[in-house]
Amino acid sequence: MEISGPRGTRDILPEESYLWQKMENILHQAAQQYGFSEVRLPVFEHTELFERGVGDTTDIVQKEMYTFTDRGERSITLRPEGTAPSVRSFIEHKIFTKAQPTKWYYMGPMFRYDRPQAGRFRQFHQFGIEAFGTSDPDIDAEVMAVMVRIVKTMGISQFQLHLNSVGCPDCRPLYRERLIQYLTPFERDFCGDCKQRFHKNPLRILDCKNPGCQEAVKGHPALSDYLCDRCGQHFEQVKNTLALYGIDYVLNPQLVRGLDYYTKTAFELLLPDLGAQAAVGGGGRYDGLIEECGGPPTPGIGFAIGLERLLTAAQKQNPEAWQASYSPVDVFVVTAENEFAPDACSLLEEIRGSGMKADKDYLSRSLKAQMKFAGKTGARLVIVIGEEEKKKGYFVLRDMKLHEQRQIPADQIIDEIKSILVKPEEEQYAE
RNA sequence: GUGGGCGUAGCUCAGUUGGAUAGAGCACCAGAUUGUGGCUCUGGGGGCCGUGGGUUCAAGUCCCAUCAUCCACCCCA
């Protein structure tokens with residue numbers, strides 16, 4: 001009881017990893033349907049990339065990064081998010097010289113030094129997409145469409161897409177000024193954090209959860225009233241295209257994403273029954289980020305979705321599809337006497353060669369114990385080899401689900417198990 | 001970083017105002033069933049009672065510390 005993994009880490013054991021594979025298949029497929037291609041990026045980067053890319057006023061950079069000095073005296077950070085590394089790769093490989101836009105997706109572990117709680121880990125997993133090189137509002141809607149499609153395909157029907165526009169460097173300063181004007185009388189009532197935010201990033205006060213701050217913010221001027229023409233038109237077009245796609249959304253003027261780089265479109269996917277961790281995914285447009293990171297001026301938009309939370313939500317809302325039940329094998333070969341082990345081995349290889357999952361006992365157990373073990377693996381079929389069978393050239397094929405068995409001539413056994421296992425789809429779903 | 005809850009078998013938990021070899025269910029192994037799983041019955045293995053200190057004739061039980069874990073806040077995914 002002394003050995004355990006580091007705080008905030010988690011092992012995904014076989015009964016669960018099977019569900020992750022199922023989820024990952026959905027993610028790959030959804031992204032590819034919309035024309036996104038996978039990039040696989042390193043899990044660590046130069047610390048500076050995140051300081052620049054994520055923004056050094058953010059909580060992520062200020063208190064949540066796993067940063068260390070490597071043996072070459074370089075400051076290295078385990079990636080806390082996927083956008084900055086994607087941007088780095090886009091610039092490094094001069095992808096901007098190719099035909100645009102560039103549509104990428106990624107998935108993998110992210111790291112944040114936070115205190116663990118329900119739905120929050122120090123190593124967690126995200127899926128994300130990035131579209132570089134176009135500021136067409138249609139791509140904003142498309143990015144959200146990918147997110148919504150994923151959630152729906154997972155069998156999640158209870159969710160909300162919150163949408164806002166946070167403006168651009170042309171119009172946000174004006175709004176910021178108005179907001180400061182409005183908030184000034186309330187300054188002394190703010191919580192400690194918001195007193196800081198008031199000077200550094202007053203927009204963040206809007207989504208503070210502190211009741212006192214919320215009260216103060218109630219009648220605040222809406223950012224949407226201060227958007228410049230370009231941002232306003234962009235926002236309208238995004239909403240039009242979303243409508244075209246049949247995607248429902250909730251306009252949320254309070255939505256201000258935590259990362260510094262967002263411009264124009266900002267959105268968040270909320271799930272009601274995840275408690276404190278209702279935010280499953282979020283994203284937005286970041287038209288200044290690529291330039292900020294040293295690339296040519298290039299617009300971009302993306303989102304990231306938390307996979308632990310996504311899976312938890314799916315299990316809650318669609319338990320039939322996401323319960324942990326998995327059979328590692330289709331066929332289990334059992335021997336009446338230990339001496340038939342060689343026959344079992346060659347039969348196994350034949351079954352595996354035909355594309356089915358098969359296994360046997362490796363502990364010299366009694367026939368009864370082998371049967372018991374076979375039952376525990378969840379194998380649909382058991383093949384029995386013994387004296388009689390070997391002499392007369394047949395196998396006993398037992399169907400564990402139907403609780404019945406038959407004698408099958410040795411040369412027909414492969415075809416026979418195939419015909420049982422490869423059944424019409426409704427048979428499999430009936431389980 | 002702040003606050004709260006909880007640490008007894010692989011898992012879920014009992015354990016009386018401190019008192020004798022620390023229990024149950026599930027799980028695991030074996031047998032009842034001399035060639036067959038799921039049900040039933042019988043038996044078996046398995047506990048530094050999180051760790052360190054203290055109080056006491058005596059600590060799983062009381063006190064202190066520490067670690068782990070869970071939940072919430074901040075923030076996020």
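This structure is a prediction, so every number in the text was calculated from the model and none was measured. Lettering of chains follows the sequences in order, A, B, ..., and the numbering in each one begins at 1.
When the side-chain contact (heavy atoms from CB on, under 4.5 Å) test is applied to A/Cys293, the partners found at least two apart in sequence or on another chain are A/Val87, A/Ile91, A/Leu289. Partners of A/Thr47 under the side-chain contact (heavy atoms from CB on, under 4.5 Å) rule, at least two apart in sequence or in another chain, are A/Glu51, A/Met65, A/Thr67, A/Ser75, A/Thr77. The side-chain contact (heavy atoms from CB on, under 4.5 Å) search around A/Tyr66 returns A/Leu78, A/Phe111, A/Tyr113, A/Arg122, not counting sequence neighbours. Partners of A/Lys360 according to the side chain to side chain donor-acceptor pair (under 3.5 Å) rule, which considers only residues two or more places apart in sequence or in another chain, do not exist here. Qualifying side-chain contact (heavy atoms from CB on, under 4.5 Å) partners for A/Pro253, counting only residues two or more places apart in sequence or in other chains: none.
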Practice prompt. Report, as a single string ordered 5' to 3', how protein heavy atoms within less than 4.0 Å touch nucleotides 29-36 of chain B: B base, S sugar-phosphate only, - not at all.
Written response: SS--B-BB
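With rounding to whole Å, A/Trp20 atom CH2 is found 11 Å from B/A77 atom C1'. Rounded to whole Å, the distance from CD on A/Glu64 to C1' on B/C76 is 6 Å. In this structure, the CD atom of A/Glu15 is 13 Å from the C1' atom of B/A27, given to the nearest Å. Atoms CG (A/Leu255) and P (B/C76) sit 10 Å apart, rounded to a whole Å. Rounded to whole Å, atom P of B/A77 lies 7 Å from atom CD of A/Glu268.
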Measure all distances between protein nitrogen or oxygen atoms and nitrogen or oxygen atoms of nucleotides 1-3 of chain B, and list the pairs falling under 3.5 Å.
from, atom 1, to, atom 2, distance (Å)
B/U2, O4, A/Arg115, NE, 3.2
B/U2, O4, A/Arg115, NH1, 2.7
B/G3, O6, A/Arg115, NH2, 3.0

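Rounded to whole Å, the P atom of B/G10 lies 23 Å from the corresponding atom of B/C6. Between B/U12 and B/A77, the two P atoms lie 31 Å apart (nearest whole Å). B/G43 and B/A24 have their P atoms separated by 11 Å, given to the nearest Å. One C1' atom belongs to B/U16, the other to B/G60, and the distance between them is 13 Å to the nearest Å. A distance of about 31 Å separates the C1' atoms of B/C11 and B/G19, rounded to the whole Å.
Judged by distance alone, the side chains of A/Thr83 and A/Glu130 do bring a donor and an acceptor atom under 3.5 Å apart.
For residues 140-165 of chain A, there are no ring-ring contact (aromatic ring centres under 6.0 Å, His included) pairs, not counting sequence neighbours. Identified under the salt bridge (Lys or Arg N to Asp or Glu O under 4.0 Å) test for residues 112-121 of chain A, with sequence neighbours left out: A/Asp114-A/Arg120. Residue pairs meeting the ring-ring contact (aromatic ring centres under 6.0 Å, His included) criterion with at least one member in residues 30-51 of chain A: none, sequence neighbours excluded.
RNA chain B contains the following stems of three or more consecutive Watson-Crick or G-U pairs, with both distances under 3.5 Å: B:1-5 with B:69-73, B:10-13 with B:23-26, B:28-32 with B:40-44, B:50-54 with B:62-66.
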Contacts under 3.5 angstrom, residues 8-15 of chain A side chains, donor-acceptor by atom type, not counting sequence neighbours:
from, atom 1, to, atom 2, distance (Å)
A/Thr9, OG1, A/Pro6, O, 2.6
A/Arg10, NH2, A/Glu16, OE2, 3.1

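Applying salt bridge (Lys or Arg N to Asp or Glu O under 4.0 Å) to A/Asp140 and the options A/Lys239, A/Arg285, A/Lys264 leaves one that passes, A/Arg285.
Between the base of B/C76 and the side chain of A/Arg309 there is a donor-acceptor pair shorter than 3.5 Å.
Taking the six-membered ring where the residue is Trp, A/His28 and A/Tyr105 present perpendicular rings, their angle passing 60° and hence far from 30°.
Contact between the side-chain N/O atoms of A/Gln117 and the OP1/OP2 oxygens of B/A72 is found at a separation under 4.0 Å.
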